[in-house]
2 protein chains.
Amino acid sequence: MATTSFTEENYLKTIYAIASRQQGEVSTNALAEMTATRAASVTDMLKRLADKGLIHYKRYQGVRLTDEGERLALTIIRRHRLWEVFLVDKLGFGWDQVHEMAEELEHVRSDELVTRLDAFLNHPQFDPHGDPIPTPAGLMPDVTYRKLADLVPTEEACLMGVLDHSASFLQHLDACGLTLGSVVKVSEISSFDRSMQVTIVPDQALFVSHDVAKNLLVSE
Amino acid sequence: MATTSFTEENYLKTIYAIASRQQGEVSTNALAEMTATRAASVTDMLKRLADKGLIHYKRYQGVRLTDEGERLALTIIRRHRLWEVFLVDKLGFGWDQVHEMAEELEHVRSDELVTRLDAFLNHPQFDPHGDPIPTPAGLMPDVTYRKLADLVPTEEACLMGVLDHSASFLQHLDACGLTLGSVVKVSEISSFDRSMQVTIVPDQALFVSHDVAKNLLVSE
DNA sequence: ACTTATTTTTAGGTTCATCTAAAAATTTAT
DNA sequence: ATAAATTTTTAGATGAACCTAAAAATAAGT
Ligand SMILES: [Mn+2]
Ligand SMILES: [Mn+2]
Ligand SMILES: [Mn+2]
Ligand SMILES: [Mn+2]
């Protein structure tokens with residue numbers, strides 16, 4: 001029940017993020033890189049998180065979230081994503097503008113606030129970037145997307161999310177008219193550079209580089 | 001332009017709050033009491049705020065906000081009150097529940113966020129407790145209220161705000177049916193304990209103790 | 001005016017979150 | 001297997017924000 005600081009919460013989120021795209025323990029160096037701090041600072045913090053029972057930590061062996069740590073990480077991710085929905089749906093921000101604000105809003109501590117915000121937003125399942133919103137109990141819904149880059153000609157699919165969350169990538173998608181929810185159909189793939197000719201259904205023809213296609217998630 | 005910390009922002013708000021209900025400089029002790037810290041800690045912070053040009057400070061002489069300090073204090077108060085409006089009007093919280101959450105939300109740093117929130121709320125002039133919302137430029141609108149306790153029989157006035165912001169006082173008002181915006185008419189004042197017999201127009205008779213009446217603001 | 005009481009400041013410490021530099025453990029390469 | 005490279009940890013500092021205890025300045029009381 002001890003109170004977790006702003007900084008501790010960010011470490012938990014970062015451990016979760018790294019762990020979810022690899023298997024095995026998360027390394028001190030990976031955390032130092034992600035949090036833009038030095039490895040020595042990470043070690044310090046890992047000891048503190050281990051003392052609080054939020055991570056499993058053995059020196060030189062990397063870390064893994066405990067059940068409690070994961071639950072906490074997911075409630076913070078839940079808050080982050082709900083605030084992003086609020087900022088886009090209610091305040092009219094672009095999906096490329098909301099991440100930094102959500103980084104601060106996610107630390108506002110009130111369960112009742114999250115509950116009411118969720119209701120106010122009509123219990124959204126996904127944030128503006130297509131990422132699933134963890135449940136109130138702290139469970140991540142598992143969604144299985146494919147990358148647009150993995151489709152073959154004549155396949156049709158709905159744009160569901162992005163892997164690259166950078167403002168520049170999101171702005172590029174805006175400029176191309178690639179909006180989440182659109183249905184796209186692959187017409188042709190260049191064997192030279194794997195660039196794709198796609199149609200945004202019903203009839204908007206579009207050229208998509210492999211760099212873009214491999215960062216676009218689709219479902220079908 | 002240097003960044004102001006969470007803590008510094010709270011000190012500025014506190015200095016403003018104390019200064020606005022007295023004349024002359026704000027004492028170290030008063031600040032220590034309000035911030036629930038020790039006088040020595042306050043002195044530390046005052047030096048830092050003075051270095052940043054946010055307060056006028058001469059040792060042993062108390063402090064006063066600089067123009068820049070006051071502008072900053074008022075933008076934070078603006079954010080606090082806008083978030084309180086959001087929590088009550090949009091999320092349906094009671095006016096007795098929102099202060100603590102607003103204490104955290106007010107520190108989320110984004111001018112664009114405040115601008116859009118203000119528009120989303122339809123540019124409210126007052127927060128749920130009847131306190132005026134400072135302008136985007138950092139100016140406090142001056143409103144002049146009277147206390148209900150200062151009215152005499154047959155006077156009628158509109159309930160505009162509260163002086164006591166405690167949850168227990170606000171809940172007591174809820175229980176009595178004393179809502180901001182109601183029009184009340186004083187019928188009788190006891191010369192013994194200054195308690196009031198009032199009518200919530202059109203016809204709800206009510207007994208109001210002096211303790212309550214002196215914390216209720218009315219205008220007319 | 002002088003003594004006493006109060007307020008404020010200084011001095012010296014603590015904890016959190018960071019840092020650099022050096023030591024220790026682990027991993028990789030020959 | 002031994003040496004070299006890499007990763008991780010320890011050791012020792014720093015700054016922010018707090019603390020207690022003692023000293024200094026100001027205000028009050030006689
Ligand atoms: Mn985000
Ligand atoms: Mn997102
Ligand atoms: Mn408040
Ligand atoms: Mn208020």
Side-chain angles (χ1 to χ4, degrees), chain A residues 1-15 18-19 22-65 69 72-73 76 103-104 106-107 109, chain B residues 1-15 18-19 22-65 69 72-73 76 103-104 106-107 109:
Chain A
M1 291 292 112
T3 184
T4 48
S5 75
F6 196 101
T7 313
E8 288 167 339
E9 292 187 351
N10 283 333
Y11 270 91
L12 292 178
K13 260 203 329 173
T14 306
I15 294 168
I18 297 174
Q22 55 167 53
Q23 80 292 49
E25 327 298 291
V26 173
S27 77
T28 301
N29 256 10
L31 282 166
E33 173 151 353
M34 274 286 269
T35 56
T37 60
R38 297 318 184 95
S41 308
V42 172
T43 301
D44 258 17
M45 179 56 83
L46 295 183
K47 286 175 187 164
R48 231 168 311 132
L49 292 175
D51 283 350
K52 293 196 176 186
L54 299 171
I55 58 173
H56 295 290
Y57 171 58
K58 266 163 287 179
R59 61 200 185 330
Y60 290 102
Q61 304 312 151
V63 291
R64 191 163 41 82
L65 292 172
L72 229 170
I76 297 155
E103 282 295 311
E104 300 194 41
E106 72 189 6
H107 301 290
R109 237 171 290 279
Chain B
M1 292 291 112
T3 185
T4 48
S5 75
F6 196 100
T7 314
E8 288 167 340
E9 291 187 351
N10 283 333
Y11 269 90
L12 292 178
K13 261 201 330 173
T14 307
I15 294 168
I18 296 173
Q22 56 167 51
Q23 80 293 49
E25 326 298 292
V26 174
S27 77
T28 301
N29 256 10
L31 282 166
E33 174 150 351
M34 274 286 267
T35 57
T37 60
R38 298 318 184 93
S41 308
V42 172
T43 300
D44 257 17
M45 178 58 83
L46 294 183
K47 286 175 187 164
R48 230 167 312 133
L49 292 174
D51 283 348
K52 293 197 177 187
L54 299 171
I55 58 172
H56 296 289
Y57 171 57
K58 266 162 288 178
R59 61 204 187 323
Y60 290 102
Q61 302 313 148
V63 291
R64 190 164 41 82
L65 292 173
L72 229 170
I76 297 156
E103 282 295 310
E104 301 194 41
E106 73 190 5
H107 300 289
R109 236 173 290 279

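Chain A is the first sequence line, chain B the second, and so forth, proteins listed ahead of strands; every chain is numbered from 1.
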Worksheet item: Whole-Å distance between dT7(D) P and Glu25(A) CD?
Response: 17 Å
Item to complete: Look at the side chain of Ser41(B) and the backbone N and O of Thr37(B), then say whether any donor-acceptor pair between them is shorter than 3.5 Å.
Response: no
Worksheet item: How many angstroms lie between atom CG of Leu72(A) and atom CD1 of Ile55(A), to the nearest 0.5 angstrom?
Response: 12.5 Å
Worksheet, complete the sentence: In whole angstroms, the gap separating P of dT10(C) from CZ of Arg59(B) amounts to 8 Å
Worksheet item: Do Lys52(A) side-chain atoms and Thr3(A) backbone N/O form a donor-acceptor pair below 3.5 Å?
Response: yes
Please write out each protein N/O paired with an N/O of nucleotides 4-7 of chain C under 3.5 Å, distance rounded to 0.1 Å.
none

Worksheet item: Quick one: CG on Asn10(B) to NE2 on His107(B), what's the gap to the nearest 0.5 Å?
Response: 3.5 Å
Discussion item. Could you check whether the side chain of Asp44(A) and the base of dC16(C) have a donor-acceptor pair of N or O atoms closer than 3.5 Å, going by distance alone?
Written reply: no
Discussion item. If I take atom CG in residue Leu49(B) and atom P in nucleotide dC18(D), what distance separates them, rounded to the nearest angstrom?
Written reply: 11 Å
Worksheet item: Once you round to the nearest 0.5 Å, how far does CE of Met34(B) lie from OG1 of Thr14(B)?
Response: 5.5 Å
Discussion item. Does a side-chain N or O of Tyr57(B) approach OP1 or OP2 of dT8(C) to a distance below 4.0 Å, or not?
Written reply: no
Worksheet item: Any side-chain N or O of Arg38(A) less than 4.0 Å from the OP1 or OP2 oxygen of dT20(C)?
Response: yes
Fill in: N/O (side chain, Lys47(A)) to phosphate O (OP1/OP2, dT9(D)) under 4.0 Å
no
Fill in: Residue-phosphate contact under 4.0 Å: Tyr11(A) side-chain N/O, dT18(C) OP1/OP2
yes
Worksheet item: Are the side chain of Arg64(A) and the backbone of Ile15(A) linked by a donor-acceptor contact shorter than 3.5 Å?
Response: no
Practice prompt. Mind calculating the distance between CG (Asn10(A)) and P (dC16(C)) to the nearest angstrom?
Written response: 17 Å
Practice prompt. Could you tell me whether Thr7(A) contacts a base, only the sugar-phosphate backbone, or nothing, with contacts defined as non-hydrogen atoms closer than 4.0 Å?
Written response: sugar-phosphate
Worksheet item: Hey, does Thr43(B) reach any base, or is it just sugar-phosphate, or nothing, if we go heavy atoms under 4.0 Å?
Response: base
Worksheet item: Can Glu9(A) and Arg109(A) be counted as an ion pair, charged N to O under 4.0 angstrom?
Response: yes
Worksheet item: Once you round it to whole Å, what is the distance between C1' of dT15(C) and CG of Asp51(A)?
Response: 14 Å
Practice prompt. Write down the distance between CD (Glu33(A)) and P (dT7(D)), rounded to a whole number of angstrom.
Written response: 10 Å
Item to complete: Round to a whole Å and report the spacing from CD of Glu8(A) to C1' of dT15(C).
Response: 12 Å
Worksheet item: Can you check the Gln61(B) CD to dA25(D) P distance for me, whole Å?
Response: 12 Å
